[in-house]
Amino acid sequence: MVIPQHVAIILDGNGRWAKSKGMPRNYGHVRGAKNLEVICEDAYNMGIKYLTVYLFSTENWKRSKDEVDALMKLFRSYTKTCIKTARDNNMKVRVLGDPTALAPDLQKSLKNLVESSKDNTGLNFQIAINYGSRDEIVRGIRKLAADCRDGQFSPEDITEEMFAGYLDTAGIPDPDLLIRTSGEQRLSNYLMWQLAYTEFYFTEVPWPAFTKEELQKAIEKYNGRERRYGGIKEE
Ligand code: IPE
Ligand code: IPE
Ligand code: MG
């Protein structure tokens, strides 16, 4: 079986999962964060080299203040735990998204996480937090335009590869497989440039209930697809 090099996940359904158990949404987020640690390890043991997860979108600020506050609190503790797991499991962590809207202490912990794990050689783990694809593209264009204005190159010199280097995912290969849990079949502003030729897998299973077996199922389905452009399907 071919193991996709890069798997991207939209971790969805924490709230609905909690509701189905008669629990508050935030309980779903706590259990979702715990599950992420488990899946991270499973992914690496299965041979996945890059795992990119969507933790908080630029649109998620529109949720109730209570929920946003609870999520930020959870990210604080998650980031601290992740510093330890990155060290123990040799993970290299990168952050996608615009950190400037996050509280200064969270920005600092995220920086610390990235910095302390930068020489690790195991799983490449990307966390998308205050991430939106349109925002990422606009931020990239701003930097590109500034470099152009400063005379580093002219507009005719701009290529797809060059532009990709201005995105938060610079240097990271495009995802081979996208998984979205909990039934919705939309991108919700996730990695729109990077997913141009990615295979999509949707499952009804909500994120807190997503297991290693579910991940294996997604990979089996991926293996049955006839990939185009950049695929790694073996004959
Ligand atoms: C995904 O679960 C986690 C975040 C977006 C932070 P949701 O909170 O979207 O859960 P549902 O989709 O409402 O069930
Ligand atoms: C997408 O899930 C964002 C994350 C998983 C962080 P949402 O639950 O926020 O997406 P929509 O609102 O259903 O599109
Ligand atoms: Mg949702």
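Start at 1 and go down the list; that is how both ligands and their atoms are numbered. The first residue of the sequence shown is numbered 1, and numbering continues consecutively from there.
At a threshold of 4.5 Å between non-hydrogen side-chain atoms, the residues L36 and F125 count as touching.
Considering only non-hydrogen protein atoms, atom 1 (C) of ligand 2 sits nearest to S188 CB, 3.9 Å. The protein non-hydrogen atom at the shortest distance from atom 2 (O) of ligand 2 is R180 NH2, 3.7 Å.
For atom 5 (C) of ligand 2, the candidate residues are L187, L11, I9, D12; the nearest heavy-atom contact is made by L11. By heavy-atom distance, the residue among R63, E59, R16 lying nearest atom 7 (P) of ligand 2 is R63.
Taking CD of E226 as the start and CD of E199 as the end, the distance is 9.5 Å to the nearest 0.5 Å.
Here the Mg ion (ligand 3) has protein N, O or S atoms under 2.8 Å from it, and they come to 1.
Salt-bridge annotation for K217 and E214: present, with a side-chain N of the basic residue lying under 4.0 Å from a carboxylate O of the acidic one. Salt bridge D135/R139: present, at least one basic N to carboxylate O contact under 4.0 Å.
Using a 4.0 Å heavy-atom cutoff, E184 is absent from the residues neighbouring ligand 2. Look at G13 and you'll find a heavy atom under 4.0 Å from some atom of ligand 1.
Taking only nitrogen or oxygen atoms, main chain and side chain alike, N60 reaches within less than 3.5 Å of ligand 2. In terms of polar-atom proximity, defined here as any N/O pair under 3.5 Å, G15 does make such a contact with ligand 1.
The residue Y190 has no part lying near ligand 2, judged by heavy-atom distances below 4.0 Å. For K19, no heavy-atom contact with ligand 1 is shorter than 4.0 Å.
In this structure, atom 12 (O) of ligand 2 is not in close contact with the protein, since no protein heavy atom lies within 4.0 Å of it.
Considering K49, R94, Q5 as possible partners of N124, the one that fulfils the side-chain hydrogen bond (donor to acceptor under 3.5 Å, both in side chains) test is R94.
With hydrogens and angles ignored, the 3.5 Å screen pairs no side-chain donor or acceptor of S117 with any backbone N or O of N120.
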Stepwise side-chain contact (heavy atoms from CB on, under 4.5 Å) test for I127 and F75:
CA-CA 11 Å; I127 52 181; F75 295 147; over 6 Å; no
In sequence, state the C-alpha distance, the side-chain angles, and the governing distance for V138 and R142, and then conclude on side-chain contact (heavy atoms from CB on, under 4.5 Å).
CA-CA 6 Å; V138 169; R142 281 200 199 115; 3.7 Å; yes
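When only modelled atom types and interatomic distance are considered, E136 and Y131 share a side-chain donor-acceptor pair under 3.5 Å. Using modelled atom types, one finds no donor on one side chain facing an acceptor on the other under 3.5 Å when comparing Y44 with N90.
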